[in-house]
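Residue numbering restarts at 1 for every chain, and letters A, B, ... go by the order of the sequence lines. None of the values given here were measured: they were computed from a predicted structure.
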Amino acid sequence: MSELISSSIAEGSGNLDLEKIFRWFDLTEEDRACTVELGELTDDVGEHIIEAFYAHLLNDETAARHFRDDAHIAQVKRGQMRYFRELVSADLNDAYVADRRRIGSIHERTGVTPTLYIGSYAYYLNRLAHVVLERMDEDPHKAFHLVMSLFKIAHFDMSLALETYVDAREEAIQARERELSELPTPVLQLRPGLLLIPVVGTLDSHRARALTVQLLEGIQEHRASAVVLDITGVAAVDSAVANHLIQTMAAARLMGALSVLTGLSAEVAQSLVKVGVTGEALNTAGDLQRGIEMAEQLLKD
Amino acid sequence: MAVKVPILKQGKVLIASIQEDLSDSDILDLQHRILEDVIRCRAEAVIIDVSAIGILDSFGTKTLSEIAYSVRLRGAKLVIVGIQPDVALSMVLLGLTLPDIPTALDLDRGLALINGG
Amino acid sequence: MQHPPDVLVQAIRYDTDVISARQLGRKRAEELGFSRPDQALVATAISELARNIVVYADQGEIELATIHQPDRVGIKITAKDRGPGIADLESALADGFSTGNSLGLGLPGTRRIVDEFDITSSPGLGVIVTVVKWSRR
Ligand SMILES: Nc1ncnc2c1ncn2[C@@H]1O[C@H](COP(=O)(O)OP(=O)(O)OP(=O)(O)O)[C@@H](O)[C@H]1O
Ligand SMILES: [Mg+2]
C-alpha cells in the first residue's frame, strides 16, 4: 500500500491522484471542514506556537546551525505563519503539494535530516494540540476533533516532504552515476611497454566499448606489450560486464599485448566462470601489486 | 595477375606484407604462395603483416588461421603482426579471437618474438 | 529506379564487389562522422553480408541509406538477393552454423556489431538482410 502512495507521489505534483492519497491518510471532507473552525483563533494560535517552536529549535545546536542571523529567523517565522494558515485552511490542492515538495527539497539541500524534520514537526504538533485544547476549552470534543484533523494534514505534509527527500537522493545518486559513467577511463603508462587501466564506476555497454577503444589505441600509441586492467573500482560486474572485459582482453591480445585482470571479488570471479572463462585463459591476480608483478613476469618470459 | 602481397625472405623468416584490402581470391592466392615458399625456402618462421588492412572479417580470419595451421604442420612458426585497434575490436565482436596464433604489435616485435623464443 | 541521393547501391556478383561495397560503406560512415571503430564495424557488416551473396546466392545488391535523426545519424545496410534463400533462419543465426564449411559467424557476428538487425527469407525467393548502425552525436 505504501508503494501505491509513494509511486503516485513520485509522479510529481502535477498528476498526483490526491483523492487516493487522502483516502489513504483517512483525510475526509469533514476533516478539512473541521480545521477551518479554528477561525479567528488561527493567527493567535499560530504566533504562539511558532514562538515556542523556534525557541525549541534555537535551543538545539544542530537545529540552530540552519539559521544565519536574526533577520533570517524573522523571515523563516513569517514563512512558517503562512505555512500554518495553509495547514488550517486545509486547501489541499496541487499548488499546496508543489509548495510542500519545494520546501522538502530545500530541506534536503540544506541538510535538514529526516530526524531533525520529523522531530521538530512532532514538537510543533504537540504544542499545537496543547494550545488548541486550551483555547477551545469550552468545547473539548470539538477541539479534539480539530486537533486530530490537523494531525492528519500534518502527516500528509510530512509524507510529501519525505518523498521529496527520497526523490532528491535518488536523483543525486543517478547524477553521480551518470557522471562516473561519462568519465573517460585513464590509460596510464607504468613503465615503457606496460599500461595500467583503473576501471571505475559502472560499465554499461556504451562505456565498455569506449574503454576497449581507449585501451587498444593506448596499446598502439605506447607500443605496449602488457596491460593491467584493475577492476577494483567497478560497481557491479554482471555477466554482461564480464563479457566486455573478456572481449577487451581478447582484442588487446590480437594486437600483441597480454593482459592481467586484477581486483576481482569472489562474485566477479564467479560471473567470469559463468560466461565460460577459466583461469588459464585469463591472467588474473588478487590485487594490483601482484597484477603488476605478474605482467612484468609475463613480459620477461 | 599482379602480386598484391610481396613475400620477402629474411634469413629463415618469410615476411608477407599485405598492402591493401584483399579480396577473397587474393587471400586464397596468398595462402597458396606462403605454403609454397615455406617449403621452397625451408623457412622456419612466417610473419604476416596486416597493418595496412582495414578489416578482417570471418573469411579473412579463417584463412589466416588455416595458413597458420598449415605452416605449423611444416614445422615452422607463424606470427600475425599489425592488427589495428579498430580491426581488433570488430574481430572480437564478430567472435574471431585467433586463440592459438601468436600476435605482435608490429614487424619489429614479431621478429623479436620469433628470435626470442 | 531512381534512388534519392542518400542511397547508394552496389551490385554484388564477384568477390571484388565485396571490396567495393565495404569501401563504399566505410567512406559513407566516415563522411557521416562515425568513429574509426564504428567505420570498421560498418565495413565488416557489409563484408559479411556481401560475401554471403557471392557465396550462396550468386548475385544481389547492397544498398546503403543514410538516416538522419535529431540526436543521431545512422547507416542502413540492406543486402538483397534472389538466391535459394535460407530454410532454417534460426540455425543460420546461431554461432558456428555453416553450410559452406566456414566459421558460421557471418550472420550472428553481424548481428552483434550492429544496432538493429532484421532478416527475412523465403526458400527459393532469396534473402533480405537489413541492419542499422547508429552513431551518437
Ligand atoms: N544470402 C544467402 N543466401 C542463402 N543462404 C545463406 C545466405 N546467407 C547465409 N546463408 C546461409 O546461412 C548460413 C550461415 O551464414 P553465415 O554468414 O553466418 O556463415 P557462413 O557464411 O557459413 O560462414 P562465415 O560467414 O563465418 O564465413 C550459411 O552457411 C548459409 O547456409
Ligand atoms: Mg558468411
Side-chain angles (χ1 to χ4, degrees), chain B residues 1-5 17-33 48-70 80-101 103 105-106, chain C residues 12-27 29-30 34-56 77 79 92-98 100-115 117 131 133 135:
Chain B
M1 190 172 77
V3 170
K4 291 215 170 128
V5 184
S17 309
I18 302 178
Q19 310 287 319
E20 57 186 297
D21 262 7
L22 299 183
S23 72
D24 293 359
S25 35
D26 294 334
I27 296 180
L28 292 173
D29 176 58
L30 174 67
Q31 173 172 34
H32 190 71
R33 286 172 49 231
I48 301 181
D49 185 351
V50 299
S51 48
I53 282 195
I55 104 169
L56 266 172
D57 60 9
S58 64
F59 181 83
T61 308
K62 174 185 152 234
T63 315
L64 282 182
S65 334
E66 283 175 6
I67 299 175
Y69 297 143
S70 349
I80 294 175
V81 306
I83 297 180
Q84 298 299 295
D86 49 348
V87 178
L89 177 68
S90 25
M91 286 174 73
V92 164
L93 294 177
L94 273 185
L96 305 163
T97 54
L98 292 173
D100 39 26
I101 296 169
T103 51
L105 188 69
D106 55 22
Chain C
I12 303 293
R13 179 152 199 186
Y14 307 105
D15 66 355
T16 46
D17 296 331
V18 177
I19 302 192
S20 310
R22 69 192 185 208
Q23 283 173 350
L24 207 60
R26 185 190 280 275
K27 187 158 155 278
E30 192 184 347
F34 279 58
S35 68
R36 285 264 318 161
D38 281 347
Q39 292 171 30
L41 294 178
V42 168
T44 306
I46 293 173
S47 191
E48 295 296 348
L49 298 178
R51 169 167 312 97
N52 281 353
I53 293 176
V54 174
V55 175
Y56 302 109
I77 304 161
L93 289 173
D95 274 353
F97 176 88
S98 177
N101 190 25
S102 194
L103 298 177
L105 286 177
L107 289 176
T110 299
R111 191 184 206 172
R112 277 192 289 272
I113 63 179
V114 298
D115 300 310
F117 181 99
V131 307
K133 183 86 192 148
S135 167

B:D57 and C:R22 have their tightest heavy-atom pair at OD2-NH1, 3.9 Å
Would you mind telling me which of C:I113, C:D17, C:D38, C:V18 has the largest number of heavy-atom pairs within less than 4.5 Å of chain B? C:I113
Counting only heavy atoms not in C:R36 (residues, nucleotides, ligands), do more than 12 fall under 6.0 Å from its CZ? no
What part of C:I19 gets closer than 4.5 Å to chain B, counting heavy atoms only: side chain, backbone, both or neither? side chain
Pair count under 4.5 Å, heavy atoms only, with chain B: among C:G106, C:A43, C:G109, highest is C:G109
With chain B as the partner, which of C:P108, C:G104, C:S102, C:A45 has the greatest number of non-hydrogen pairs under 4.5 Å? C:S102
Against chain B, label C:Q39 side chain, backbone, both or neither, depending on which of its atoms sit under 4.5 Å from a heavy atom there. neither
Neighbours of chain C found in residues 61-70 of chain B - heavy atoms under 4.5 Å: B:K62
How about residues 46-54 of chain C versus chain B: which residues have heavy atoms under 4.5 Å apart? C:S47, C:E48, C:R51
Would C:L105 and B:L94 count as a side chain to side chain contact (heavy atoms under 4.5 Å, CB included) here? Give the steps. CA-CA 7 Å; C:L105 286 177; B:L94 273 185; 5.6 Å; no
Of all of B:G95, B:P85, B:G54, B:S23, which one pairs up most often with chain C through heavy atoms under 4.5 Å apart? B:S23
Against chain B, label C:R26 side chain, backbone, both or neither, depending on which of its atoms sit under 4.5 Å from a heavy atom there. side chain
I'd like to know whether CG of B:D100 has more than 12 heavy-atom contacts from other residues, nucleotides or ligands below 6.0 angstrom. yes
Which one of B:D24, B:L22, B:L96, B:D21 has the most heavy-atom pairs closer than 4.5 Å to chain C? B:D24
